[in-house]
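Below you'll find the structure, written out as structure tokens, and then a few comments.
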Protein chains: 2
Amino acid sequence: MGKMYKENSLSKNQQIIFDLINKSSEPLKAYTILFSVQKKGIKAPPQVYRALDKLVETGKIHKIESKNAFVACRNSNCEISKATAFSICESCEMVDEISDTKLSKYLSGFNHKKGMKFKRFNLEFFGICKKCKKD
Amino acid sequence: MGKMYKENSLSKNQQIIFDLINKSSEPLKAYTILFSVQKKGIKAPPQVYRALDKLVETGKIHKIESKNAFVACRNSNCEISKATAFSICESCEMVDEISDTKLSKYLSGFNHKKGMKFKRFNLEFFGICKKCKKD
DNA sequence: TTACATAGTGTTATATTATAACAAATTTTA
DNA sequence: TAAAATTTGTTATAATATAACACTATGTAA
Ligand SMILES: [Zn+2]
Ligand SMILES: [Zn+2]
Ligand SMILES: [Zn+2]
Ligand SMILES: [Zn+2]
């Protein structure tokens with residue numbers, strides 16, 4: 001019969017917070033999330049941070065390190081957050097997850113001269129997005 | 001006679017903080033720096049953060065975003081922090097600036113499918129360093 | 001089904017990281 | 001030298017994140 005774990009299901013708080021991030025068009029910060037979910041009974045920072053930690057760990061969301069904010073994963077290929085890349089607009093703050101197989105392969109195969117073997121990478125590109133350039 | 005600005009010189013606080021970071025073998029956090037330089041008269045967070053901001057801006061140091069910590073630039077090629085890459089050991093926390101011309105060129109030339117032109121990138125690789133692997 | 005283990009929750013308090021705001025001093029430029 | 005720009009010193013506070021502890025819910029296996 002094999003494994004019957006609830007492998008892919010989220011707990012109540014995890015689901016609430018994932019839904020919020022997933023439907024957002026922009027990265028959300030922890031305390032913005034906290035404020036938004038207070039009506040649903042999530043009232044304290046640890047509740048938010050624990051859910052965020054778990055969601056990051058399982059690859060459902062990613063942390064944009066340069067912004068201390070979180071986005072839902074839009075890329076089924078970035079298996080458990082081992083290989084993430086984002087484009088970030090310095091004007092409107094828009095963040096877009098980059099899904100580029102060649103880039104991903106190139107970086108996953110990159111070997112450090114000093115012999116360190118990498119398990120994971122995170123890449124953040126910065127620029128001005130198309131929309132902002134027009135304005 | 002051309003420009004006579006003090007283009008490359010650092011102010012007193014900037015120099016003190018740069019020296020500290022530059023001689024450190026590991027990334028330093030802002031409040032660790034603050035504690036270390038109190039004997040030199042730098043007593044409050046804004047003094048540290050202002051110097052750090054300026055040093056980052058001029059490319060003398062880089063911020064390791066995933067650690068909220070700062071390292072001195074070891075790579076004359078990463079011109080004003082436009083193209084930075086680091087290897088980070090998840091065991092001993094060691095950080096090493098990667099200086100790889102091919103990698104840098106590849107990423108600097110990378111074009112987003114959605115047409116965004118990048119001005120800058122930051123790449124962080126994670127793994128276990130040689131030294132930690134032996135232990 | 002019962003007990004054991006694991007994961008998740010609620011809560012209070014506190015630690016860590018970073019900035020706002022304002023006055024004064026210094027350095028650069030004109 | 002006077003104006004402009006940068007740097008400094010200072011106090012207060014904002015924003016981000018974790019420690020610790022008691023409790024509940026869920027999954028596993030005898
Ligand atoms: Zn993803
Ligand atoms: Zn934009
Ligand atoms: Zn550098
Ligand atoms: Zn190591």
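Below, chain A is the first sequence line, B the second, and so on; all start at residue 1. Quick caveat: nothing in here was measured; it's all calculated off a predicted structure.
- The residue among Asn68(B) and Gly41(B) whose nearest nucleotide of DNA chain D is located toward the 5' end is Gly41(B).
- Within 4.0 Å of Lys63(B), counting heavy atoms only, lie sugar-phosphate atoms of the nucleic acid but no base atom.
- Residue Phe35(A) contributes atom CZ, which lies 16 Å from atom P of dA14(D) at whole-angstrom precision.
- One atom, CG of Leu10(B), and another, C1' of dT26(C), lie 16 Å apart when rounded to the nearest Å.
- Atom NZ of Lys40(A) is surrounded by 12 or fewer heavy atoms from other residues, nucleotides or ligands within 6.0 Å.
- Between Gln47(A) and dG10(C) there is a side-chain polar atom (N or O) within less than 4.0 angstrom of OP1 or OP2.
- Phosphate proximity of dT19(C) to Tyr49(B): absent, as no side-chain N or O sits under 4.0 Å from OP1 or OP2.
- Note: NZ (Lys43(A)) to C1' (dA13(C)) measures 18 Å, nearest angstrom.
- No chain of hydrophobic side-chain contacts below 4.5 Å, direct or via other Ile, Leu, Val, Met, Phe, Trp or Tyr residues, connects Val71(B) to Phe35(B).
- With the nearest nucleotide of DNA chain C identified for both Ala51(A) and Ala30(B), Ala51(A) has the one nearer the 5' end.
- Listed pair Lys12(A) / dG10(C) meets the phosphate criterion, a side-chain N or O lying under 4.0 Å from OP1 or OP2.
- Atom-to-atom, CG of Leu28(A) to C1' of dA15(D) comes out at 16 Å; the value is rounded to the nearest Å.
- No N or O donor and acceptor, one from the side chain of Tyr31(B) and one from the base of dA15(C), sit under 3.5 Å apart.
- Distances shown here put every side-chain N or O of Asn13(A) at or beyond 4.0 Å from the OP1 or OP2 atom of dA7(C).
- Applying the 6.0 Å contact sphere to NZ of Lys130(B) captures no more than 12 heavy atoms from other residues, nucleotides or ligands.
- Legend: residues meeting side chain to side chain contact (heavy atoms under 4.5 Å, CB included) with Lys43(B), ordered by chain and number and at least two apart, are Gln47(B).
- Atoms NZ (Lys29(B)) and C1' (dA17(D)) sit 10 Å apart, rounded to a whole Å.
- Under 4.0 angstrom from either OP1 or OP2 of dT9(C) there lies no side-chain N or O belonging to Lys54(A).
- Contact between the side-chain N/O atoms of Ser11(B) and the OP1/OP2 oxygens of dT26(C) is not found at any separation under 4.0 Å.
- We find that CZ of Arg50(A) is positioned 16 Å from C1' of dT16(D), with the value rounded to whole Å.
- Salt-bridge formation is not detected for the pair Lys67(B)/Glu124(B): no Lys NZ or Arg NE/NH1/NH2 atom is positioned less than 4.0 Å from an Asp or Glu carboxylate oxygen.
- In this structure, the CD1 atom of Ile17(B) is 10 Å from the P atom of dG9(D), given to the nearest Å.
- What separates CG of Leu55(B) from P of dT8(D) is a distance of 10 Å, to the nearest Å.
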